[in-house]
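In what follows, every heavy atom counts, from backbone to side chain, and hydrogens, waters and symmetry copies are set aside. Quantities reported herein were computed from a predicted structural model and do not represent experimental measurements.
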Amino acid sequence: MTKVSVVIPIYNGEKDLPELIECLRSQTYSADKVEYLLVDNNSSDRSSSIIQAAAESKEITIRPLAENQIQSSYAARNAGIRAANSEILAFTDGDCRPQPEWLENLIQPFSDSNVGLVVGEILALPGDSLLEKYADKQETLSQKHTLAHPFCPYGQTANLAIRKQAFVEVGLFRPYLTTGGDADICWRILRDTSYQFKFAEKAIIKHRHRSTWKDLQSQWRRYGKSNKYLHELHGVDLMRELKTKEYVYRLSRWLLKELPLTTVKIISGKAEVLELFNTPIGLLNGRARIMGQKEAKLSEKSRQIDRF
């Protein structure tokens, strides 16, 4: 088995860490071939002490690290990359739940030396709220959306593995970027090196969808900011803002056509209640994304690329 370094940035992860660590302990990949680099990014809760206690248990190799200078998950990942002892680096996040065979399936494609990136799949944890069920139905987190990006495919850092040599060639993450860094690093590797990527659909990470309206809108505003940053860095097309008459048309169509038809389907057992709200939720999410795109301003610092 190839040696692997798993890099996980942690910020105020007190509630998530126990379950995350249990998922790491449950990996089928040989424990003596993996080091887990948990990088505390200036947390104000008990994250650091929880990580330290897990490291002392010796059940798996956990190396506690810290990035306290720059408040950014990408800066924290860079700290992990620099400290890693392996040629393959896997990434996930503190609020993710790697399934037992995640690492085994994510690393397998690297047996081909031409592969520099491997993207795993992200599925939803069970949710009870309407918003969680809506996002699950839309497969909001699935990597199939990012892999189909019209500019260039990429994988989200919630479930991604990269060959260390690729970082040597193109540099590390942009440490001051607050969103969009996963696309940026993948595009630099795929466009500036000869490395190929693979999609490992059986390498599964589970993640919880946003359950409140505030969190959902924040998520979509962040998507908009990411799009603006990537427009500045790579020339990606900006998302077009709908005109007032387009909003009026879509809402009118929803009220006069979709709502009555869906209600009939629900009564006959052919549809779920959440389908009544597909259009308004979709429009509001799109609006939040546009707002994020308008608000985003890429600083000069955010253009900086870290090196080893």
Min side-chain heavy-atom separation [X]-[Y] under 4.5 Å:
X      : Y      : result
Ile88  : Val118 : no
Phe110 : Glu87  : no
Ile204 : Lys206 : yes
Gln27  : Val34  : no
Phe277 : Lys133 : no
Trp102 : Val6   : yes
Phe197 : Leu160 : no
Ile81  : Phe91  : yes

Would one find more than 12 heavy atoms of other residues, nucleotides or ligands at under 6.0 Å from atom [atom1] of [X]?
X      : atom1 : answer
Lys198 : NZ    : no
Gln69  : CD    : no
Tyr249 : OH    : no
Arg250 : CZ    : no
Asp32  : CG    : yes
Lys164 : NZ    : yes

[X]/[Y] ion pair, N-O < 4.0 Å:
X      : Y      : value
Arg97  : Asp16  : yes
Glu241 : Lys294 : yes
Glu272 : Lys137 : yes

Practice problem: Please round to the nearest 0.5 Å and tell me the distance separating atom OG1 of Thr178 and atom NZ of Lys225. | Solution: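 Output value for this atom pair is 7.0 Å.
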Practice problem: Please say which of Asp184, Asp182, Asp306 ends up in a salt bridge (Lys or Arg N to Asp or Glu O under 4.0 Å) with Arg174. | Solution: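 So the option named by the test is Asp184.
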Between [X] and [Y], what is the shortest heavy-atom contact and its length?
X      : Y      : result
Leu276 : Ile266 : CG-CD1, 3.6 Å
Ile10  : Leu17  : CD1-CD2, 3.9 Å
Ile305 : Arg188 : CG2-NH1, 3.4 Å
Ile205 : Cys96  : CG2-CB, 3.5 Å
His231 : Val236 : ND1-O, 2.6 Å
Ser302 : Tyr176 : OG-O, 3.3 Å

Practice problem: Could you go through the side-chain contact (heavy atoms from CB on, under 4.5 Å) check for Ser73 and Arg77 one step at a time? | Solution: CA-CA 6 Å; Ser73 63; Arg77 292 185 184 99; 2.9 Å; yes
Quiz item: Can you tell me if Ser49 and Gln52 form a side-chain donor-acceptor pair at under 3.5 Å?
Solution: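 No, no side-chain donor-acceptor contact under 3.5 Å.
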Quiz item: Can a donor-acceptor pair be found between the side chains of Gln293 and Asn227 at a distance below 3.5 Å?
Solution: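 Per modelled atom types, Gln293 and Asn227 side chains form a pair under 3.5 Å.
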Quiz prompt | Backbone of Asp128 reached by a side-chain donor or acceptor of Glu132 within 3.5 Å | solution =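 Checked: pair present.
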Quiz item: Which is it for Met239 and Ile290 under the side-chain contact (heavy atoms from CB on, under 4.5 Å) test, yes or no, and what are the steps along the way?
Solution: CA-CA 7 Å; Met239 182 181 178; Ile290 287 293; 4.0 Å; yes
